[in-house]
Peer 1: 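For reference, the structure I am asking about is given below.
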Protein chains: 2
Amino acid sequence: MNRLRQHIEEISPITDEEFEVIKTFFTLKNVRKNQFLLHEGDEVKFEYLVLKGIYKVFYLDENGKEHIVQFAKKNWWMTDYTGFFTQTYATMFVECLADGEVLCLTLEGREKLSSEFHKMEHFFRVKLTNGYVALQQRIRLLLSSTPQQRYEEFSKLYPDLMLQIPKKYIAEYLGVSRETLSRLYSNTK
Amino acid sequence: MNRLRQHIEEISPITDEEFEVIKTFFTLKNVRKNQFLLHEGDEVKFEYLVLKGIYKVFYLDENGKEHIVQFAKKNWWMTDYTGFFTQTYATMFVECLADGEVLCLTLEGREKLSSEFHKMEHFFRVKLTNGYVALQQRIRLLLSSTPQQRYEEFSKLYPDLMLQIPKKYIAEYLGVSRETLSRLYSNTK
């Protein structure tokens, strides 16, 4: 739970007494490679704070084709947020790509933490702000016309993910073929 | 300013005394059709709450091609959020498509309102939550494989925008040609 406190205190310093209450809202979960935290059709009960591991959030289109909406790594939050915030069923999957640990938080917990602690409302607002900026960048990446531009933008934003995530998923995330991605990789070496 | 109060109170009820302080952070601006609130390269001083009018937020790629990141209408907030939150220069434009009015808020004002009023921090967190969900839906729309799927998703989410925004901009937003869009329009009549 120390990692949770560190993560919160990067934004909102809190007292020992406050943390004693705050931590009761989170539960720890170990996750194995290829394990799913969420399936399409599930109730979206939790959002997840990644302590360890790499994850992908994706959905399947009408033809069964997979589309990756986001990756997540240490200190990132993830879930099917449309399902989570509107308390409906998941239209997305969350899959673990490398053994890890996550902390689980319910929407009720999130709202209670936010209303009881102004500091936590601040924490969540700042995290959402960062998330919003990241999604806007993701949209620009998708709108960019060439695979080369997408690749360059992604590798500039997330050099660590380039090393940790199998190339086939990066190709899918960028909406380019694996062959094109391999060509781009070798061009930059 | 009553419209501002109404807008805030949809999420956070506030007292008369609180509103007297809160409203001092906002300035009203009238905007004419085709006027720009923001140009690429400008300092991003404000975010804007739309009181009236229709707006588009877009950027130009290396080849000078325009890409629309979002539209905005009454009660939506808009700006180049990457530039605004990181206090750097705009990489996007904000253009007015139909005469309107906006309220302007600085980042300093936003942060001060949030730290002085837990209710306002709550307000901004909820607005960001909604914005986050909208961006995630925008990403899914972009990832969806066919123009038909994009068109259907957009018209389901924003039936009012379908009527208010010139078709050429909708085509651009969806990443489809105007001919394709016209075909899709006539198919659904």
Side-chain angles (χ1 to χ4, degrees), chain A residues 12 57-63 65-70 77 79-86 88 91-92 107 110-111 114-146 148-149 152-153 172-175, chain B residues 12 57-63 65-70 77 79-86 88 91-92 107 110-111 114-146 148-149 152-153 172-175:
Chain A
S12 293
V57 181
F58 67 96
Y59 72 94
L60 300 176
D61 70 16
E62 287 170 8
N63 308 315
K65 189 174 174 327
E66 183 178 308
H67 297 277
I68 296 175
V69 173
Q70 71 159 111
W77 292 75
T79 195
D80 174 339
Y81 275 107
T82 306
F84 181 69
F85 287 132
T86 59
T88 49
T91 59
M92 296 203 248
L107 183 65
R110 183 187 175 94
E111 294 303 314
S114 295
S115 70
E116 288 184 11
F117 300 96
H118 187 172
K119 288 170 181 180
M120 288 303 291
E121 185 115 50
H122 178 69
F123 170 79
F124 286 118
R125 183 175 67 85
V126 172
K127 294 309 284 184
L128 271 166
T129 302
N130 299 343
Y132 191 92
V133 167
L135 287 189
Q136 228 181 31
Q137 282 166 336
R138 170 84 172 116
I139 288 171
R140 283 188 69 141
L141 191 139
L142 284 169
L143 288 169
S144 293
S145 3
T146 72
Q148 170 117 21
Q149 281 169 352
E152 281 169 8
E153 196 134 341
E172 191 188 311
Y173 177 89
L174 297 176
Chain B
S12 291
V57 182
F58 67 97
Y59 70 95
L60 300 176
D61 69 16
E62 289 168 6
N63 308 314
K65 189 175 174 330
E66 182 178 309
H67 297 279
I68 296 175
V69 173
Q70 69 158 111
W77 292 74
T79 195
D80 173 339
Y81 275 108
T82 306
F84 180 70
F85 286 132
T86 60
T88 50
T91 59
M92 296 203 251
L107 183 64
R110 183 187 175 94
E111 293 304 313
S114 296
S115 69
E116 288 184 11
F117 300 96
H118 187 171
K119 287 170 181 179
M120 288 304 290
E121 184 114 52
H122 178 68
F123 171 77
F124 286 118
R125 183 175 67 85
V126 172
K127 293 308 285 184
L128 272 165
T129 302
N130 299 344
Y132 191 92
V133 167
L135 287 190
Q136 227 180 34
Q137 282 167 336
R138 170 86 172 115
I139 289 171
R140 283 188 67 142
L141 190 140
L142 283 169
L143 288 168
S144 293
S145 1
T146 71
Q148 169 119 22
Q149 280 168 355
E152 281 168 9
E153 197 133 341
E172 191 189 313
Y173 178 89
L174 296 176

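Here is how names work: the chains are called A, B, and so on, in the same order as the sequence lines, proteins then strands, and each is numbered from 1. Nothing here was measured: the structure is a model prediction, and the numbers come from that model. What you see below is based on every heavy atom in this structure, not just the backbone, and it leaves out hydrogens, waters and symmetry mates.
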Peer 1: Check whether any side-chain heavy atom of Arg140(B) sits under 4.5 Å from a side-chain heavy atom of Thr91(A), and report yes or no.
Peer 2: yes

Peer 1: Less than 4.5 Å to any heavy atom of chain A: does that hold for the side chain of Tyr132(B), its backbone, both, or neither?
Peer 2: both

Peer 1: Under a 4.5 Å heavy-atom cutoff, which of Leu135(A), Val126(A), Asp80(A) has the most pairs with chain B?
Peer 2: Leu135(A)

Peer 1: Tell me which of these, Ser115(A), Ala134(A), Ser114(A), has more heavy-atom pairs under 4.5 Å with chain B than the rest.
Peer 2: Ser114(A)

Peer 1: So which atom in Val133(B) and which in Tyr81(A) form the shortest heavy-atom distance, rounded to 0.1 Å?
Peer 2: CG2-O, 3.9 Å

Peer 1: Between chain A and each of His122(B), Gln136(B), Arg125(B), Lys127(B), count heavy-atom pairs under 4.5 Å; write down the option with the most.
Peer 2: Arg125(B)

Peer 1: Can you tell me which portion of Phe117(B) sits under 4.5 Å from chain A's heavy atoms? Options are side chain, backbone, both or neither.
Peer 2: backbone

Peer 1: Taking only residues two or more places apart in sequence, or in another chain, which ones meet His118(A) in a ring-ring contact (aromatic ring centres under 6.0 Å, His included)?
Peer 2: His118(B)

Peer 1: Go through Thr129(B), Asn130(B), Val69(B) and name the one with the most non-hydrogen pairs under 4.5 angstrom from chain A.
Peer 2: Thr129(B)

Peer 1: Is Phe85(A) in contact with chain B via its backbone, its side chain, both, or neither, using a 4.5 Å heavy-atom distance?
Peer 2: side chain

